[in-house]
Amino acid sequence: MSNNTAGPREHGVSLGEALRVWARVAALSFGGPAGQIAVMHRIVVDEKRWIGESRFLHALNYCMLLPGPEAQQLAVYIGWLMHRTLGGLIAGLLFILPGFLSILALSYIYVIFGDASVVEGLFFGLKAAVLAIVVQAVFRIGSRALVNPAMLAIAAVAFLAIFAFKVPFPLVVLAAAVVGYFGSKSGSRLFRTSPGHAAAKGAVLQDRDSLLGEATPAHARPGLGWSLKISAVLLCLWLLPVALIWFFAGGNSVFSEIGIFFSKMAVVTFGGAYAALAYVAQEAVQHYGWLKPGEMLDGLGMAETTPGPLIMVLQFVGFLGAYRDPGSLSPMTAATLAAILTTWVTFVPCFLWIFLGAPFIERLRGNVALSGALSAITAAVVGVILNLAVWFSVHTLFREVTVLTAGPLHLELPVPSTIILPAALLAAASAFALFRLKASVLLTLGLAALAGMAWTLL
């Protein structure tokens with residue numbers, strides 16, 4: 001465990017310098033959580049030497065336990081460590097802003113030109129490439145998390161629970177956390193793994209050699225008064241707008257539905273965007289009717305090609321939901337307001353989890369049971385992402401799906417004769433580029449989009 005009793009060190013990093021660094025991190029935050037965390041690690045640990053390797057991984061492990069995007073929450077955590085609450089707000093807001101503006105602009109293009117052949121072909125190609133990217137995510141995360149039979153078993157059970165029996169996602173994550181926690185407490189080596197994103201190779205920066213040092217800053221020590229105050233403020237910022245919309249617009253308003261649904265998602269989206277999208281897509285398509293199955297992949301394609309967290313795809317879902325049910329507003333006005341509302345209720349809770357929990361987590365550096373719970377959750381997330389890959393495959397590569405039910409068993413199976421061959425070939429080519437040729441995600445998406453446009457025009 002790190003020495004938290006030594007006096008805190010003056011790190012000498014001004015707030016202005018921090019703002020410039022976080023703006024740079026935000027501008028380079030492509031490639032999903034793995035790429036975003038790698039960029040943050042390179043800049044904050046290797047280049048700027050703000051914090052050491054151990055502290056970075058400890059903060060990341062806590063963020064991976066939380067609902068919401070771990071990369072954005074990690075930025076909030078480090079910003080808070082360095083410059084108190086204002087530093088956390090700057091880091092977190094800058095991390096979101098480029099992606100929000102980019103996806104909003106792409107959403108406008110989508111609804112205005114979506115029926116045009118060129119735009120239709122672009123998103124046809126993106127869907128196939130995104131499917132390959134999700135499959136790659138299964139292998140990438142699985143190679144880190146499934147390091148022994150216990151982790152493999154947890155992933156398999158998680159996949160079957162969601163895919164075949166529709167067990168609610170939060171229950172799967174909670175069960176995995178309990179198994180990992182008590183498995184680690186029992187002393188079993190099967191639960192003492194090192195999950196999380198691999199650190200950069202080379203010399204490791206020790207906490208004591210970083211600008212922040214290894215001691216806990218005074219503002220990072222937990223206090224009941226601080227916890228109650230920050231919780232009250234952030235809970236009001238999060239839930240008061242939703243309550244006011246419900247009161248004035250009614251429970252059947254699309255804005256009320258968006259505010260309540262995505263507030264719920266902010267509490268249960270463990271494992272990042274990939275882990276939550278299957279549930280979001282299912283509810284948005286089947287229950288609310290906000291969008292069609294293929295359109296979720298369109299949105300994910302936008303999120304993959306823009307900076308910021310992949311969970312920003314939820315903004316696109318809210319945008320389309322209000323665009324198609326604008327009430328007394330114009331469709332574009334309603335859609336824009338819904339995009340802002342979705343982003344607000346998705347990310348305000350992220351600041352709450354960090355500001356409320358991080359001071360206590362700082363005291364738990366080196367806690368074995370916490371690491372065991374994280375290992376099990378990460379393994380379960382592999383199964384959840386595999387379920388997402390299967391769901392996307394069924395709805396992207398086939399025109400028709402049949403449902404098989406028998407007691408608690410509930411399976412969505414494709415009709416083989418309705419396979420869409422161009423989509424299947426493009427997905428296979430994208431997978432070949434990613435796995436065999438080691439092409440970048442952005443290059444693969446770009447080539448797939450061009451191929452989709454060419455196919456549609458022909």
Side-chain angles (χ1 to χ4, degrees), residues 30 32 99-137 258 262 273-274 276-286 288-325 331-332 335-336 338-339 342-343 346 388-399 401 420 422-424 426-427 429-430 441-442 444-457:
F30 292 90
F100 170 78
L101 295 176
S102 300
I103 291 181
L104 186 62
L106 289 172
S107 298
Y108 287 150
I109 294 171
Y110 188 87
V111 297
I112 294 172
F113 302 107
D115 292 332
S117 296
V118 172
V119 176
E120 182 182 344
L122 182 148
F123 283 103
F124 175 81
L126 285 179
K127 288 176 191 177
V130 166
L131 176 57
I133 291 168
V134 174
V135 173
Q136 184 192 42
I258 287 171
F262 288 112
Y274 286 127
L277 279 184
Y279 175 73
V280 173
Q282 199 172 41
E283 290 295 302
V285 172
Q286 298 175 6
Y288 293 103
W290 290 334
L291 70 172
K292 302 169 186 176
E295 289 176 333
M296 178 60 82
L297 277 177
D298 293 340
L300 187 56
M302 294 180 189
E304 289 278 10
T305 53
T306 54
L310 293 180
I311 203 73
M312 293 299 298
V313 66
L314 301 186
Q315 173 191 333
F316 175 72
V317 176
F319 182 96
L320 280 188
Y323 181 82
R324 289 167 176 164
D325 184 16
M332 278 299 191
T336 303
T342 303
T343 305
T346 297
L388 174 67
V390 173
W391 190 89
F392 276 165
S393 299
V394 167
H395 289 279
T396 302
L397 305 182
F398 299 88
R399 291 188 177 89
V401 175
I420 306 171
L426 196 49
S430 299
V441 167
L442 286 178
T444 303
L445 285 167
L447 292 176
L450 291 174
M453 288 189 288
W455 171 262
T456 303
L457 290 174

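Judged as a side-chain hydrogen bond (donor to acceptor under 3.5 Å, both in side chains), and not counting sequence neighbours, Thr396 has no contacts. Every ring-ring contact (aromatic ring centres under 6.0 Å, His included) that Tyr288 has, sequence neighbours left out, goes to Phe261, Trp290. Among residues two or more places apart in sequence or in another chain, the ring-ring contact (aromatic ring centres under 6.0 Å, His included) test is passed with Phe316 by Tyr110. A search for side-chain contact (heavy atoms from CB on, under 4.5 Å) contacts involving Ala449 returns Leu122, Leu126, not counting sequence neighbours. Among residues two or more places apart in sequence or in another chain, the side-chain contact (heavy atoms from CB on, under 4.5 Å) test is passed with Ala423 by Phe124, Leu397, Ile420. Residues passing the salt bridge (charged side-chain N to carboxylate O under 4.0 Å, His left out) test with Arg324, sequence neighbours excluded: Glu295.
A donor and an acceptor atom, one from each side chain of Tyr323 and Ser107, are nowhere located under 3.5 Å apart.
Among all heavy-atom pairs drawn from Thr342 and Gly318, the shortest one is OG1-CA, 3.6 Å. In plain terms, the two heavy atoms of Leu445 and Ala129 that are nearest each other are CD2-CB, 3.8 Å. What you find for Gly301 and Val130 is that their closest heavy atoms are CA-CG2, 3.6 Å. Here the shortest heavy-atom pairing between Met332 and Tyr108 reads SD-CD2, 3.6 Å. Annotation for Ala448 and Ser430: closest pair CB-OG, 4.0 Å, computed over non-hydrogen atoms. Val401 and Val394 make their closest contact through CG2-CG1, 3.3 Å (heavy atoms, listed as atom of the first residue, atom of the second, distance).
Side chains of Leu314 and Val280 form a contact here, defined as non-hydrogen atoms less than 4.5 Å apart. With contacts defined as side-chain heavy-atom distances shorter than 4.5 Å, the pair Leu131/Ser393 qualifies. Looking only at side-chain heavy atoms (C-beta outward), Thr343 and Leu104 stay at 4.5 Å or farther from each other.
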Checklist entry - Step by step, would you call Thr306 with Met312 a side-chain contact (heavy atoms from CB on, under 4.5 Å)? => result CA-CA 10 Å; Thr306 54; Met312 293 299 298; over 6 Å; no

Item to check | Chi angles and distances behind the side-chain contact (heavy atoms from CB on, under 4.5 Å) call for Gln315, Phe319 | outcome: CA-CA 6 Å; Gln315 173 191 333; Phe319 182 96; 5.5 Å; no

Item to check | side-chain contact (heavy atoms from CB on, under 4.5 Å) assessment of Thr444 paired with Ile133 | outcome: CA-CA 9 Å; Thr444 303; Ile133 291 168; 5.6 Å; no

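Identified under the salt bridge (Lys or Arg N to Asp or Glu O under 4.0 Å) test for residues 125-136, with sequence neighbours left out: Lys127-Asp298.
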